Amino acid sequence: MVQAGGNVGVWPKALAEKFRSVHTFEPDGDNYAALIQNTAGIVNILRTRGGLGDCFDSGAIDHIDPDNIGAHQIKEGNEFQIMPIDSFEYDDVDLVQLDIEGFAHFAVQGAEDTIDRCSPVICLELKGLGKRYGVEDSQTVDFLAGLGYKEATRIHRDVIFTRA
């Protein structure tokens, strides 16, 4: 599975108990250091410091709410690399879970080939934060519909999509 918004490792650690392998991404340097420490010794977690998007780029962390380590967002800068999921050429992805503070639209655009090839379940946190980047949640839903996906269920602000 592919998971982004690895934060300090809570989700990757839990998901590693359910999936053969978890590739997690976290762009914030402090969170990434904690993720490494908190998931040390878990051999089926592959950790990458960086963000997911629709193309190769670079970014920096915007500490929108410095008291909430899960609320950081991507801004222009050179602190880390942004990369498309498709660049990893995965051949077996069962789940894509993204909690990336408004950047999910670009990440799914950068995963179009992987989605087409693997038909994973897709879980996105959609809470309107894409507006910062000029994208409405409805545009992300429409993009996934164009790939043959439909909303299966919502759990709070997490939306789970499956192939229709």
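All values below were derived from every heavy atom in this structure, side-chain atoms included, with hydrogens, water molecules and symmetry-related copies excluded. Since this is a predicted model, take the numbers as computed values, not measurements.
For the pair L98/V108, a side-chain contact is recorded, criterion being any heavy-atom separation below 4.5 Å from C-beta on.
Taking T48 as the reference, H23, F25, M83 meet the side-chain contact (heavy atoms from CB on, under 4.5 Å) condition, with sequence neighbours excluded. Taking D86 as the reference, T114 meet the side chain to side chain donor-acceptor pair (under 3.5 Å) condition, with sequence neighbours excluded. The side chain to side chain donor-acceptor pair (under 3.5 Å) search around S21 returns none, not counting sequence neighbours. Residues that satisfy the side-chain contact (heavy atoms from CB on, under 4.5 Å) test with A60, not counting sequence neighbours, are K75, E79. Every side-chain contact (heavy atoms from CB on, under 4.5 Å) that A34 has, sequence neighbours left out, goes to V8, N38. For D62, the side chain to side chain donor-acceptor pair (under 3.5 Å) test picks out R132, with sequence neighbours left out. By the side chain to side chain donor-acceptor pair (under 3.5 Å) test, R49 is found to be paired with no residue, residues two or more places apart in sequence or in another chain being considered.
Within a 6.0 Å radius of CG in D91, other residues, nucleotides and ligands contribute 12 heavy atoms or fewer.
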Donor-acceptor pairs under 3.5 Å, side chain of residues 157-164 to any protein atom, not counting sequence neighbours: which ones?
from	atom 1	to	atom 2	distance (Å)
R163	NE	L147	O	3.4
R163	NH1	S119	OG	2.6
R163	NH2	L147	O	3.0

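For residues 16-27, the set of pairs meeting the salt bridge (charged side-chain N to carboxylate O under 4.0 Å, His left out) definition, not counting sequence neighbours, comprises R20-D92. Contacts classified as salt bridge (charged side-chain N to carboxylate O under 4.0 Å, His left out) and involving residues 115-131 (residues at least two apart or in different chains) are given here: E101-K127, E125-K127. Applying the ring pair (Phe, Tyr, Trp, His ring centres under 6.0 Å) definition to pairs two or more places apart or across chains, those involving residues 31-69 are H63-H72. For residues 138-148, every residue pair satisfying the side chain to side chain donor-acceptor pair (under 3.5 Å) rule, not counting sequence neighbours, is listed here: H105-T140.
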